[in-house]
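Start at 1 with the first residue, then count along the sequence. The structure presented is a predicted model; accordingly, all values stated were derived computationally and were not measured.
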Amino acid sequence: MGERFSDRIAWGVLTRAFPPELIDEVIADCGRVEKRHRLLPARVVVYFVLAMCLFSGQGYEEVARLIRWLITIPTASP
């Protein structure tokens, strides 16, 4: 299944409401910054949880497919 235009709009709203810098700041404030580089950085996990709420009618696999582009966003260095 290809990416839908509505998916891109939803992600634009999500990342505008919760910019990567804010997510990184909250992760740091909670003392959960990664000490090692991982396949799923904390920022991606936070976006995944937010996306599961946004796309509550979708399964985990579909939500994961929708956020795959997030892995290409650079994360803050610990």
Side-chain angles (χ1 to χ4, degrees):
M1 178 185 228
E3 184 176 49
R4 297 176 299 259
F5 182 65
S6 60
D7 298 341
R8 282 300 226 179
I9 292 172
W11 285 120
V13 171
L14 183 66
T15 56
R16 185 168 288 200
F18 303 101
E21 298 78 18
L22 175 63
I23 299 293
D24 291 341
E25 182 180 332
V26 170
I27 291 167
D29 288 349
C30 292
R32 297 297 175 197
V33 177
E34 294 99 354
K35 293 181 175 44
R36 297 177 284 169
H37 181 70
R38 301 196 179 264
L39 181 60
L40 286 176
R43 179 195 295 168
V44 174
V45 173
V46 171
Y47 276 121
F48 182 66
V49 171
L50 291 170
M52 287 190 303
C53 295
L54 185 64
F55 297 102
S56 60
Q58 304 296 324
Y60 293 136
E61 294 85 6
E62 176 69 7
V63 175
R65 183 191 67 77
L66 294 171
I67 68 164
R68 70 180 182 268
W69 65 271
L70 284 172
I71 296 172
T72 63
I73 298 174
T75 56
S77 300

Colleague: Kindly say whether Phe18 contributes a backbone atom to a donor-acceptor pair with the side chain of Tyr47 at under 3.5 angstrom?
Modeller: yes
Colleague: Might you point out which heavy atoms bring Tyr60 and Phe48 nearest each other, and give the distance in Å?
Modeller: O-CE1, 3.9 Å
Colleague: What's the spacing between Glu62 CD and Met52 CE if we round to 0.5 Å?
Modeller: 14.0 Å
Colleague: If you take all heavy atoms of Val45 and Leu40, which pair is closest and at what distance?
Modeller: CG2-O, 4.0 Å
Colleague: Partners of Cys53 by side-chain contact (heavy atoms from CB on, under 4.5 Å), sequence neighbours excluded?
Modeller: none
Colleague: Partners of Ala42 by side-chain contact (heavy atoms from CB on, under 4.5 Å), sequence neighbours excluded?
Modeller: Ile27, Glu34
Colleague: Quick one: CG on Leu50 to OG1 on Thr15, what's the gap to the nearest 0.5 Å?
Modeller: 11.0 Å
Colleague: Write down the atom of Ala51, the atom of Val63, and the distance for their closest heavy-atom approach.
Modeller: CB-CG1, 3.5 Å
